[in-house]
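One structure is given here, and the rest of the page talks about it.
Nothing fancy with the numbering, it's 1 onward along the sequence.
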Amino acid sequence: MNKVIYFLFTIILIASCVSENQKLSDGKQSQIIKEMIQAVNDKDAEEYVKNFADNVVVYLESEPKVNGKKELQINRANHFRKYPQVYSEIQYLLEIDNKVIMHDKVWLNDTDGEGRDILEIFTFDNGKVSRVDVVQSKDLFR
């Protein structure tokens with residue numbers, strides 16, 4: 001947990017040094033993440049997973065929660081059914097080597113007010129997302 005806190009502090013420090021017009025990286029990997037967020041907003045689970053490796057693992061608070069592209073697609077399809085109004089908006093996108101760090105806001109429905117913050121770190125191998133580390137409030141998807 002201390003590593004997560006240290007990492008978050010580092011990301012916040014980096015983000016605070018980024019000017020307004022540098023909030024969104026425009027590298028190839030960042031473009032993949034932008035397309036993925038568009039797929040969330042379109043509620044398209046198949047499009048969402050197209051750039052994930054077959055053996056992708058999604059971690060929540062350092063615990064593996066989703067193993068494999070097929071499981072991820074099922075997870076996203078179920079999520080879109082449960083939250084048909086879900087909407088995501090990228091706040092910051094930073095690309096460093098084979099990693100893309102994203103801070104986004106998520107609204108599960110139209111009563112979510114200011115939205116909820118999520119931090120995700122995407123690790124790429126051979127052009128595909130092979131790992132996702134997610135930091136979010138524990139009650140986000142109650």
Query raised in the report: So which pairs with a foot in residues 46-73 pass ring pair (Phe, Tyr, Trp, His ring centres under 6.0 Å), sequence neighbours left out?
Result: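 The answer is Tyr48-Phe52.
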Report task. With sequence neighbours excluded, give me every ring pair (Phe, Tyr, Trp, His ring centres under 6.0 Å) pair touching residues 100-121. Result ->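 Only Tyr87-Trp107 qualify under ring pair (Phe, Tyr, Trp, His ring centres under 6.0 Å).
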Are [X] and [Y] close enough that some pair of their side-chain heavy atoms sits under 4.5 Å apart?
X	Y	result
Val57	Val66	no
Glu47	Asp42	no
Leu72	Arg76	yes

For [X], enumerate each residue passing the side chain to side chain contact (heavy atoms under 4.5 Å, CB included) test, keeping only those at least two apart in sequence or located in another chain.
X	result
Ile90	Leu24, Lys34, Ile37, Leu93, Met102
Glu114	none
Lys28	none

Requested in this report: Scan side-chain atoms only and decide if Asn75 and Glu71 contain a donor-acceptor pair under the 3.5 Å cut-off.
Outcome: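 No pair is found: no donor N or O on one side chain lies under 3.5 Å from an acceptor on the other.
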Query raised in the report: Does any pair with a residue in residues 119-129 pass side-chain hydrogen bond (donor to acceptor under 3.5 Å, both in side chains), and if so which ones, sequence neighbours excluded?
Result: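 Found Lys99-Thr123, Asp125-Ser130.
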Query raised in the report: Is there a path from Met36 to Ile32 through hydrophobic residues (I, L, V, M, F, W, Y) whose side chains come within less than 4.5 Å of each other?
Result: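 Yes; tracing contacts between hydrophobic side chains, which count when under 4.5 Å, links both residues.
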Requested in this report: Report yes or no: does Lys43 contribute a side-chain atom to a donor-acceptor pair with the main-chain N or O of Val86 at less than 3.5 Å?
Outcome: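 Checked: pair present.
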